Chemist: 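Please find one structure pasted underneath; my questions will follow.
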Amino acid sequence: MDFSQVFIDAGQTVVSRMIFEYYHRLGLTADELVFWLELSSCQQAGNNFPDPDLIARRMGISQAGVFDLLQRVIAKGCLQIVTQQDEQGRQSDRYDFSPLYGKLALLIEENRKQAKENSKEDQISRLYQLFEQEFGRPLSPLEFEKIAGWLEEDHYDPELIRLALKEAVTHQARSLNYIDRILLSWESKKITTKEEVLSEQSRRKLALLQKEAEAPDTNKKAAGLPPITLHNPFKED
């Protein structure tokens, strides 16, 4: 007998790996998960409401054990029984697995938010470290409070504060007051992202280049203006 063909003819049950990854966090035990999978397997094979005796035989438990598992899985919000009606008006019951998928979606969304929050906390921690690195000394309590105010009260993005710090350093102005003026200037122009900062920086540089190009050479020399560089101070090393 060709057992490989037997396995193929038996069909397959499709199960998302996310269910195996998160079932314990959904409150399911291993037995409850196997029970849920048995019902799902039957439905995928066309049996929407399998006989409890069938599930009992497949799991090697009593019918009372099947009803106990059914009650527990329903109570945990991972399964429900619904009544449907066909075109001839005949009613029948079936198992609805969407409650588990709904709980799984919420759990994944919570994980995503937590990961985002952890990432932001890491970003803020690196921001404080960057200030101390650029200032060449530990920050004072008042400086910590000032930066915290930008984050918590003004709701500036940590990346925006980092860019303001880099601009201040470029102008040799390692001062929180100077950085504050930069942030206020950007806020007044509704600049909130790195891309908008770089665009504004490029716009100012272009305007300066045009002004220099229009000015007579003698005026440039008389004014003692420094040469214009196209170096982008925000470019990562």
Side-chain angles (χ1 to χ4, degrees), residues 18 21-22 25-26 103-237:
M18 298 182 74
E21 181 179 352
Y22 288 98
R25 296 181 61 184
L26 293 170
K103 290 185 64 176
L104 184 59
L106 289 175
L107 182 59
I108 293 172
E109 178 63 16
E110 289 175 3
N111 288 347
R112 186 193 67 79
K113 290 181 179 179
Q114 185 61 51
K116 184 177 180 180
E117 185 66 25
N118 292 341
S119 175
K120 187 172 183 178
E121 289 178 0
D122 291 341
Q123 195 176 15
I124 291 173
S125 177
R126 291 194 298 270
L127 179 65
Y128 284 114
Q129 294 174 5
L130 181 61
F131 267 91
E132 293 187 332
Q133 176 184 325
E134 293 292 356
F135 283 21
R137 58 173 175 77
L139 294 173
S140 69
L142 288 178
E143 288 172 330
F144 268 106
E145 184 177 347
K146 180 68 173 178
I147 298 172
W150 291 335
L151 294 164
E152 298 170 10
E153 297 174 13
D154 300 319
H155 303 291
Y156 291 132
D157 187 271
E159 177 67 8
L160 199 69
I161 299 174
R162 186 186 73 84
L163 292 171
L165 170 62
K166 291 182 73 72
E167 178 159 320
V169 170
T170 300
H171 291 87
Q172 301 297 314
R174 290 172 173 81
S175 161
L176 293 190
N177 289 333
Y178 188 90
I179 295 171
D180 192 50
R181 290 197 296 272
I182 294 174
L183 291 170
L184 288 173
S185 173
W186 288 345
E187 183 177 3
S188 67
K189 298 174 183 177
K190 301 187 183 305
I191 294 174
T192 60
T193 67
K194 178 179 180 178
E195 291 73 22
E196 291 170 345
V197 168
L198 296 179
S199 177
E200 171 66 10
Q201 186 265 345
S202 298
R203 185 194 64 76
R204 293 200 320 267
K205 189 169 291 293
L206 179 59
L208 184 59
L209 285 172
Q210 291 175 336
K211 185 177 180 180
E212 285 292 300
E214 293 170 358
D217 291 340
T218 54
N219 289 345
K220 294 181 188 177
K221 295 178 180 178
L225 295 175
I228 300 300
T229 174
L230 292 179
H231 171 68
N232 186 347
F234 300 120
K235 184 177 180 182
E236 300 292 343
D237 296 329

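Counting from 1, the numbers follow the sequence of the chain as shown. The shown structure was predicted, so the numbers you read here are calculated from the model rather than taken from an experiment.
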Chemist: Could you tell me if the side chain of Glu187 sits less than 4.5 Å from the side chain of Tyr156, heavy atoms only?
Modeler: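 Answer yes - side chains close enough.
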Chemist: Sorted by first residue and then second, give each ring pair (Phe, Tyr, Trp, His ring centres under 6.0 Å) pair with at least one member in residues 111-130; sequence neighbours left out.
Modeler: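 Sorted result for residues 111-130: Tyr128-Phe144.
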Chemist: Salt-bridge test for Glu143 and Arg137: reply yes if a basic N is under 4.0 Å from a carboxylate O, no otherwise.
Modeler: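 Here Glu143 pairs with Arg137 in a salt bridge, since their nearest N and O are under 4.0 Å apart.
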Chemist: Side chain of Ser185, backbone of Arg181: donor and acceptor closer than 3.5 Å?
Modeler: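 Between the backbone of Arg181 and the side chain of Ser185 there is no qualifying donor-acceptor contact (under 3.5 Å).
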Chemist: Kindly indicate whether the side chain of Lys194, heavy atoms from C-beta on, has any atom under 4.5 Å from the side chain of Arg162.
Modeler: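 When only atoms from C-beta onward are counted, Arg162 and Lys194 do touch, with a gap below 4.5 Å.
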Chemist: Quick one: are Lys146 and Phe131 in side-chain contact, heavy atoms under 4.5 Å?
Modeler: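 SC-SC contact between Lys146 and Phe131 ruled out.
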Chemist: If you count every heavy atom of other residues, nucleotides or ligands that lies below 6.0 Å from Lys120 atom NZ, does the total exceed 12?
Modeler: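 Open.
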Chemist: Tell me the closest heavy-atom pair linking Leu165 and Leu130, and the distance in Å.
Modeler: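 Leu165 and Leu130 have their closest heavy atoms at CD2-CG, 3.7 Å.
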Chemist: Does the distance from a Lys or Arg side-chain N to an Asp or Glu carboxylate O, for Glu200 and Arg203, drop under 4.0 Å?
Modeler: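 A salt bridge is present here (some side-chain N lies under 4.0 Å from a carboxylate O).
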Chemist: Does the side chain of Ile182 come within less than 4.5 Å of His171's, by heavy atoms?
Modeler: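 Answer no - side chains too far apart.
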Chemist: Please report the closest heavy-atom contact between Pro158 and Ile124, naming both atoms and the distance.
Modeler: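 Scanning both residues completely, I find the closest heavy atoms to be CG-CG1, 3.9 Å.
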Chemist: For Arg174, which residues count as a side-chain contact (heavy atoms from CB on, under 4.5 Å) partner, sequence neighbours excluded?
Modeler: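 In terms of side-chain contact (heavy atoms from CB on, under 4.5 Å), with neighbours along the sequence ignored, Arg174 is linked to Glu134, Phe135, Val169, Gln172.
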Chemist: Would the number of heavy atoms belonging to other residues, nucleotides or ligands and lying under 6.0 Å from CD of Glu109 be above 12?
Modeler: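 Above 12, so yes.
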